[in-house]
A.B. asks: 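Here it is: the structure, laid out below.
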Amino acid sequence: MVKKSSNLDPFSGCVFLFCGSRRDRFKALYWDGQGFWMLYKRFENGKLAWPNNERVVRRASHALDAGLYH
C-alpha cells in the first residue's frame with residue numbers, strides 16, 4: 001500500500017501513518033531492519049485530528065524531519 005499509493009519505500013525507516021475513515025482509529029507502520037512494527041490505536045471517545053490535504057501532511061512531515069516535534 002505504501003509503495004503503490006505513495007510511491008515511497010516502506011523499508012526506509014520512516015514511520016507511515018494510516019487513518020480510518022471515521023477518524024477514530026489509526027495504524028502506524030515502521031521497518032526496524034529486521035521486521036515491521038505495527039501500532040494500532042482505537043479511540044473510545046473522540047476522534048483523531050487528521051490532515052485534510054497533502055500540503056498539511058508535507059508541512060508536518062518536514063517539521064518531524066527537522067526535529068520540531070518530540
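Positions are given from 1 along the sequence.
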A.B. asks: What pairs of residues pass the salt bridge (Lys or Arg N to Asp or Glu O under 4.0 Å) test when at least one of them lies in residues 15-43, not counting sequence neighbours?
C.D. replies: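 Listed once each, the pairs are Arg42-Glu44.
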A.B. asks: Closest approach of Phe16 and Asp9, non-hydrogen atoms and distance?
C.D. replies: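 Closest approach of Phe16 to Asp9, heavy atoms only: CZ-O, 3.6 Å.
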A.B. asks: Find out if a path of hydrophobic residues (ILVMFWY) with successive side-chain heavy-atom gaps under 4.5 Å connects Phe43 to Leu17.
C.D. replies: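 Yes, Phe43 connects to Leu17 through the hydrophobic network.
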A.B. asks: Would you check, one step at a time, whether the test ring pair (Phe, Tyr, Trp, His ring centres under 6.0 Å) holds for Trp37 with Tyr30?
C.D. replies: CA-CA 5 Å; Trp37 284 86; Tyr30 171 72; 7.9 Å; no
A.B. asks: Is Phe26 reachable from Val15 through a run of hydrophobic residues whose side-chain heavy atoms are each under 4.5 Å from the next?
C.D. replies: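 Yes: a chain of side-chain contacts under 4.5 Å links Val15 to Phe26.
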A.B. asks: Linking I/L/V/M/F/W/Y whenever any side-chain heavy atoms sit under 4.5 Å apart, do Phe36 and Leu39 land together?
C.D. replies: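 Phe36 and Leu39: separate clusters.
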